[in-house]
Each structure stands twice: as C-alpha cells, then as structure tokens.
Amino acid sequence: MADLTTTSLPPQIRKGINGDIKSRPALANGGSTGQSSKKPQTALQQHVSFFDRDNDGIIWPSDVYNGFRELGFCVLFSIGSLLIPVFFSYPTRLAHSWIPDPLLRIYVNDVHKAKHGSDSGIYDFDGNFNPERFDQMFDRFDTSGTGGLSVGDLVELLRKDRCAADPAGWSFAFMEWWTTWLLLQKDGRVWKDDLRACYDGTLFWRISEERSKGDGWQKGYGISDFLHSLWSNGDLEILGSKD
C-alpha cells in the first residue's frame with residue numbers, strides 16, 4: 001500500500017461500506033458525503049471524492065496516483081492512471097477559465113463536465129445516478145441471470161454503448177470497465193452490489209479499510225488474466241465491427 005495521509009471517512013460513506021445497498025443514500029438526486037457544501041454532492045462527485053483526501057474540492061495528479069496505489073494497483077498501472085487528469089482536467093476547468101490548468105488538477109464540483117460519449121448513461125449529464133438505467137443494464141446484459149457481469153457481458157455492453165465516430169469515448173469506456181473488472185471481479189463476474197458501491201464511491205473506502213486490516217481486498221483480477229479471458233472467449237472482436 002502506498003504511504004498516504006488520509007482524512008476521516010465521511011459519515012454517510014461509512015454507512016455504505018458494509019455492503020448493504022439499502023443503507024446507502026439515494027443517489028438519483030444526489031447524496032452527501034459530509035463534505036462542507038451548500039448543496040448535496042451528486043453521485044459522480046461522491047464517486048471521485050475518495051481521491052480528494054483533503055476535501056478541498058481539487059484532485060491533484062498525485063492524488064490520483066496515491067488513490068490507485070491505496071486501492072492495490074501496482075506502480076505501473078497507477079502511473080497509467082495519470083491519463084485521467086491529462087484528459088479530464090480541462091473539462092472540469094472550463095467552469096473557472098478557458099485556460100487549461102497547467103497542473104492538471106480536476107475540479108470536483110464540475111466533474112460532470114468530464115462525462116464522455118459512448119458510456120453506459122448511469123450518470124446523467126449533471127452527475128446524478130440513474131437507478132432505473134442501472135437496473136436495466138443488468139436486465140439486458142446479465143446473460144447468466146446471476147446478478148453479475150462476465151467479461152463477455154461487459155464486452156457486449158461496450159459494443160452496444162458505442163456511438164458513431166467517437167473513438168475517444170470508446171477508449172475511455174474500455175479503460176473504465178477494464179479498471180472496474182481488475183478491481184471488482186469475483187468468480188469471473190462483476191457483481192451488482194459491488195458495482196453499485198463503485199458508482200456511489202463507497203466501494204473505494206471499503207477496499208481501503210479492508211486492505212488496512214491486513215487480510216486485503218479479496219476480489220479483483222490480474223491484467224494477464226483479464227486479457228486471457230478476452231482472448232479465450234473471442235471477445236477481442238470488440239475492436240472490430242460486430243454491431
């Protein structure tokens with residue numbers, strides 16, 4: 001685990017890290033993490049608040065790197081995570097200035113402006129969580145009916161979400177689901193409750209706490225295993241045109 005200085009867990013987030021989906025705040029109209037603010041945080045703001053450890057509303061590139069290390073990602077993958085501020089700093093900066101932030105900081109209050117095309121649509125354009133669309137995603141793509149998405153299910157989801165002439169959106173969506181798989185998979189699937197906790201941000205705090213206890217986070221997958229699953233299932237055709 002990376003050597004980090006962390007803040008206290010927000011009380012509303014603490015209620016959700018026990019894995020009970022019913023104990024989490026409703027996110028369709030935004031929730032709150034206890035961060036000082038005039039209005040409740042949206043689900044997307046809660047999702048990224050794990051990386052804003054001093055609660056100042058700004059996520060530095062070093063915060064992104066340290067956050068990934070705390071979640072258990074290796075040094076190389078965590079360095080790769082610095083693509084997040086490279087691509088998403090400027091959209092969140094636009095509410096403050098047309099001039100790009102030379103320090104590549106991400107502004108939490110405006111993180112919804114970094115929403116890209118070809119995504120699942122679980123977050124709306126204001127960063128609120130859409131529970132109906134979340135449930136529909138599993139109704140449509142959970143081919144086994146077990147409440148979890150396999151690699152093949154995720155690949156089919158990515159295919160169906162692709163918008164025309166949007167290679168940037170395709171790439172971002174793939175990287176996001178790839179990271180989600182590496183972090184969450186258990187028995188070859190990403191389970192619904194875990195994914196829900198990922199969307200509202202409670203999952204990251206839970207992983208951090210479990211890793212600090214010594215036993216570690218008991219889910220996740222190696223990169224080589226993920227690629228092997230894609231290859232063995234023939235799902236590398238995602239780069240093709242199987243729509």
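Atoms considered below: every heavy atom in the structure, side chains included; atoms not considered: hydrogens, waters and symmetry mates. Here the structure is a predicted model, which is why all the values come from computation and not from measurement.
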Please check this pair: side chain of Asp56 against backbone of Ile58, looking for a donor-acceptor N/O pair closer than 3.5 Å.
yes
Any donor-acceptor N/O pair, Gln185 side chain to Val190 backbone, under 3.5 Å
no
Would you say Ile106 and Phe51 make side-chain contact, with heavy atoms under 4.5 Å?
no
Compare every heavy atom of Pro85 with every heavy atom of Val64, then report the nearest pair and how far apart it is.
CG2-CD, 4.2 Å
Looking at Tyr199, is its backbone amide N or carbonyl O close enough to the side chain of Tyr123 to form a donor-acceptor pair, meaning the two atoms are under 3.5 Å apart?
yes
Does any non-hydrogen side-chain atom of Asp161 lie less than 4.5 Å from one of Trp170?
no
Kindly indicate whether the side chain of Val48, heavy atoms from C-beta on, has any atom under 4.5 Å from the side chain of Val108.
yes
Which heavy atom in Gly147 sits nearest to a heavy atom in Asp142, and how many Å separate them?
N-OD2, 2.7 Å
SB check Arg105 Asp63 (cutoff 4.0 Å):
no
If you define the side chain from C-beta out and look only at heavy atoms, does anything of Leu94 sit under 4.5 Å from Tyr90?
yes
Test side-chain contact (heavy atoms from CB on, under 4.5 Å) on Asp135 and Lys192 and set out the steps.
CA-CA 9 Å; Asp135 289 336; Lys192 187 174 183 178; 2.9 Å; yes
When every non-hydrogen atom of Pro91 is compared with those of Ala114, the smallest separation belongs to CB-CA, 3.8 Å
Trp181 and Leu158: same hydrophobic cluster, using ILVMFWY side-chain contacts below 4.5 Å?
yes
Would you say the side chain of Asp119 lies within less than 4.5 Å of the side chain of Phe172, judging by non-hydrogen atoms?
no
For the OG1 atom of Thr179 and the CD1 atom of Ile84, what is their distance to the nearest 0.5 Å?
7.0 Å
Hey, quick one: are Ile79 and Leu103 part of the same hydrophobic cluster, counting side-chain heavy atoms closer than 4.5 Å, chains of contacts allowed?
no
Kindly indicate whether the side chain of Lys186, heavy atoms from C-beta on, has any atom under 4.5 Å from the side chain of Trp191.
yes
Over 60° means perpendicular and under 30° means parallel, so tell me whether Phe204 and Phe50 are parallel, tilted or perpendicular.
tilted
Starting at OG1 of Thr202, measure out to CG of Asp200 and round the result to the nearest 0.5 Å.
3.5 Å
Grab the two heavy atoms, one from Ser118 and one from Cys163, that are nearest each other, plus how far apart they are.
OG-N, 2.9 Å
Less than 4.0 angstrom from a charged side-chain N to a carboxylate O is my criterion; do Glu209 and Lys213 meet it?
no
So, does Glu210 use its side chain to make a donor-acceptor pair with the main chain of Ser208 at under 3.5 Å?
no
To the nearest 0.5 angstrom, please state how far the CD1 atom of Ile59 sits from the OH atom of Tyr107.
11.5 Å
Any Arg133 side-chain heavy atom under 4.5 Å of Ile122 side chain
yes
Spell out, yes or no, whether Val75 and Trp60 are grouped together once hydrophobic residues are joined by side-chain heavy atoms under 4.5 Å, including indirect joins.
no
Is the ring pair His116/Phe88 parallel, tilted or perpendicular, if the boundaries are 30 and 60 degrees?
parallel
Over 60° means perpendicular and under 30° means parallel, so tell me whether Phe174 and Trp178 are parallel, tilted or perpendicular.
tilted
Start with the C-alpha gap between Ile207 and Lys219, add the side-chain angles, then the distance that decides, and say whether side-chain contact (heavy atoms from CB on, under 4.5 Å) holds.
CA-CA 9 Å; Ile207 293 174; Lys219 300 180 182 180; over 6 Å; no
If you measure from CG on Asn128 to CD on Gln41, what distance do you get to the nearest 0.5 Å?
11.5 Å
Separation between CG of Leu82 and OG of Ser62, rounded to the nearest 0.5 Å:
9.0 Å
Give a yes or no on whether a salt bridge exists between Asp194 and Arg189, defined as a side-chain N under 4.0 angstrom from a carboxylate O.
no
Between His112 and Asp110, does the side-chain contact (heavy atoms from CB on, under 4.5 Å) criterion hold? Intermediate values first, please.
CA-CA 5 Å; His112 63 283; Asp110 303 292; 4.2 Å; yes
Minimum heavy-atom separation for Trp217 to Leu203, with atom names?
CH2-CD1, 3.9 Å
Tell me the closest heavy-atom pair linking Asp153 and Leu149, and the distance in Å.
OD2-CA, 3.7 Å
Check whether any side-chain heavy atom of Phe134 lies under 4.5 Å from a side-chain heavy atom of Leu195, and answer yes or no.
yes
Face-on cation placement of Arg196 at Phe129 ring, 6.0 Å and 45° thresholds:
yes
Using atom types as modelled and distance alone, determine if a side-chain donor or acceptor of Thr92 lies under 3.5 Å from a backbone N or O of Ser89.
yes
Rounded to the nearest 0.5 Å, the OG atom of Ser81 sits from the CZ atom of Arg69 at a distance of 10.5 Å
When you group the ILVMFWY residues by side-chain heavy-atom contacts below 4.5 Å and let the links chain together, are Leu154 and Phe141 in the same group?
yes
